[in-house]
There are 2 protein chains.
Amino acid sequence: MPRASQRPRLVDVAEHAAVSLATASRALAGREGVSTEVADRIRQVAHELGYVANPYARTLASGATSTVGLIVHQVDDPYFSEIAAGVIQLASEQGLLVQICQSGRDPDYELQQLRHLIAQRVGIVLISGSGYDDPRMESAARAELAAFQNHGGRAAAIGRHALGVDAVLPDNEAGGHALAQHLMDFGHRRIAVAAGSAGLTTVADRLAGVSSALRERGRPTTDLAVVHTDFTRGGGRAAAEQILNDHPGTTAIIALNDVMAMGVLSTLRSRRVPVPARMSVVGFDDVSVAADLAPSLTTIRLPMTEMGRTALTLALKPRTARPRRRPTGHLLVVRDSTGPAPIT
Amino acid sequence: MPRASQRPRLVDVAEHAAVSLATASRALAGREGVSTEVADRIRQVAHELGYVANPYARTLASGATSTVGLIVHQVDDPYFSEIAAGVIQLASEQGLLVQICQSGRDPDYELQQLRHLIAQRVGIVLISGSGYDDPRMESAARAELAAFQNHGGRAAAIGRHALGVDAVLPDNEAGGHALAQHLMDFGHRRIAVAAGSAGLTTVADRLAGVSSALRERGRPTTDLAVVHTDFTRGGGRAAAEQILNDHPGTTAIIALNDVMAMGVLSTLRSRRVPVPARMSVVGFDDVSVAADLAPSLTTIRLPMTEMGRTALTLALKPRTARPRRRPTGHLLVVRDSTGPAPIT
DNA sequence: ATGAAAGCGCTAACAG
DNA sequence: CTGTTAGCGCTTTCAT
């Protein structure tokens, strides 16, 4: 096999500049202890030679990595692809490389990916996507991350609070609350929730917001039908079927994310239930296609791309005694999928 | 600073197994020259110790990398996120890590990303997204990739044929042809094309297919209005505006990708042009939301996820004398956005 | 079949 | 301010 690289090495730069390895290294790293003239000359030579440091050698020698590992559930889910876009943008601005992994929404596999990333000696780990109610599911990841950070690594989470690392936290509860209020303002009384898998913290939090809004207005819990299915388009379809069959009085469906809302709309369309005339529908996240669905989707906007950037920003800062938390804020975006409750 | 890793090293495994470094290395790499018993014992010990090789040391010593660099235009464009999903899936199955970069549809920046990736010593480079008509834009990338491969790297492209590397090639021309035929079968005569930036090979190829279909049926080129805007949703919106204003007789719009089609539908909706009663619309790619738009979109299905897998598969095989080409095939998916031409 | 030893290219003490 | 040198952890001849 041919040598993987015939590229100039630091020695080459040093020789051409007639200095030692150490000096060359210092100059290029921008560390002090080199006279400005010499440093400039070295940089000049390096540039002429097209020298780029070998990151493997550098990492091996210094122990410091410049790559960030990102774990998402599915890159082709728009929620995650927008987050990833933000992470990659900022990473690129900082000269960092991003290694991306998919957990496929499987906590065990996610743990495996996390271990793999750490074993690969990434310097930063970013983990996104809902956490799990069951503390056992999280504790292994938590331990892994703690050990990682104790060895000098940095980590941040997006959308999960139980990992013991810095976190960007979407306004799940407040968003759920706002959605329920919006629907009640339109006079809806029989509201159903197309919820993702029970056991996901994101689902629990958003649902809690919905419930509290109902409670505030003195609505009986029986007004709220909650159907748990997958946190995906298919799950949305299934939930809608079940709602139409089991809760025929329903006039509004809250899907706990936009992807589920797309499934809900799909079912309603094939069942010829007019939206919003006969049934209002809301989603959560405001993925970019939400505005292009028909009817366009009323939803809670989360700044996904920015969330990705924020997470990396947190991880780039030194660790603090107790993990930082950055709430995202949220915005109710009213579009065409919601309207007054039909008169019965 | 604490040592970046307190992880077991190969020496530790070797000591515990009472063998030399060399033997341990061979056994774990599955190379021959180690008796089965000894090899098994070593693997056993490694497992117990939770040993994972340090990829930096490994790469430095061997020159062979196990990471693949992937360049996409935008991860949050569904076309690319589906491709990325395929690449990441297969990479993960193969124990490879994926470093992902966004070029932002800028050829210069793309070149820069490519160089960065190569400088980072990735073993494989995958580059996706349309190429450029202007051969000067491509030649630099082409040279870079050639040098990379001559030094033992491997590369593959998705959707571009002029890079001198193995390529997965979508059926752009045939797809364009099929779309035009489909519309003509519905009796449409005045067809407009919402095309992406002139200068993109993907645009040129798809357009060529459309034109050839018209020519085959003896239609004058004047029946075809081509509007070049960005290859994005916004571009689709703009193109639709322009078509409605400048070519009022149009009864069908061919958007050269689904994202543009979404923009077109959006404009038609706000202009209250009924689809397909007054205007038929088709897209290209069949991104997963295409079926959820309203009306659901008639389009050409491309197997994006599989294309990602195929590209990596090609790159994992040894290089051949002349670059391989893998056409993708295509499928016309007829949905609700197309119908008979309105009677005038 | 196994071991000893020489690097891979770079950083980081330690000297001067 | 600059140079020398000892590794980082692994692979890979070359011996045995």
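Below, all heavy atoms of this structure are taken into account, side chains as well, without hydrogens, waters or symmetry copies. Letters A, B, ... are given to chains in the order of the sequence lines, protein chains preceding strands, and every chain is numbered from 1. Just so it is clear, the model here is predicted, and its values are computed rather than measured.
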Mind calculating the distance between [atom1] ([X]) and [atom2] ([N]) to the nearest angstrom?
X       : N       : atom1 : atom2 : result
I42(A)  : dT2(D)  : CD1   : P     : 8 Å
L10(A)  : dT4(D)  : CG    : P     : 14 Å
R121(B) : dC10(C) : CZ    : P     : 7 Å
R9(B)   : dC8(D)  : CZ    : C1'   : 10 Å
R31(A)  : dT2(D)  : CZ    : C1'   : 13 Å
N54(B)  : dT11(D) : CG    : C1'   : 13 Å
L28(A)  : dC10(C) : CG    : P     : 9 Å
E15(A)  : dG9(C)  : CD    : P     : 13 Å

Does one side chain, of [X] or [Y], offer a donor that lies under 3.5 Å from an acceptor on the other?
X       : Y       : value
S130(A) : T202(A) : yes
H116(A) : Q112(A) : no
T313(B) : T310(B) : no
Q89(A)  : R309(A) : yes

Is the shortest side-chain N/O distance from [X] to OP1 or OP2 of [N] below 4.0 Å?
X      : N       : value
R58(B) : dC8(C)  : no
Y51(B) : dC10(D) : yes
S20(B) : dA4(C)  : no

Among the candidates [options], find the nucleotide nearest to the side-chain atoms of [X].
X      : options                  : answer
S35(A) : dC1(D), dC10(D), dA12(C) : dC1(D)
S25(B) : dT11(D), dG3(C), dT2(D)  : dT11(D)
A22(B) : dT11(D), dT2(D), dG3(C)  : dG3(C)
L60(A) : dT13(D), dG9(C), dT2(D)  : dG9(C)
L21(A) : dT11(C), dT2(C), dC10(D) : dT11(C)
V38(B) : dT2(C), dT11(D), dC10(C) : dT2(C)
A53(B) : dC10(D), dG3(D), dC10(C) : dC10(D)

Practice task
With heavy atoms under 4.0 Å as the rule, sort A29(B) into base, sugar-phosphate or nothing.
Solution key: nothing

Problem - Sidechain N-carboxylate O distance under 4.0 Å for K317(B), D166(B) - result: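 The answer is no: the pair does not qualify as a salt bridge.
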
Practice task
Please evaluate the base of dG3(C) for a donor-acceptor partner in the side chain of R26(B) within a cut-off of under 3.5 Å?
Solution key: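 Side chain to base: pair found, below 3.5 Å.
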
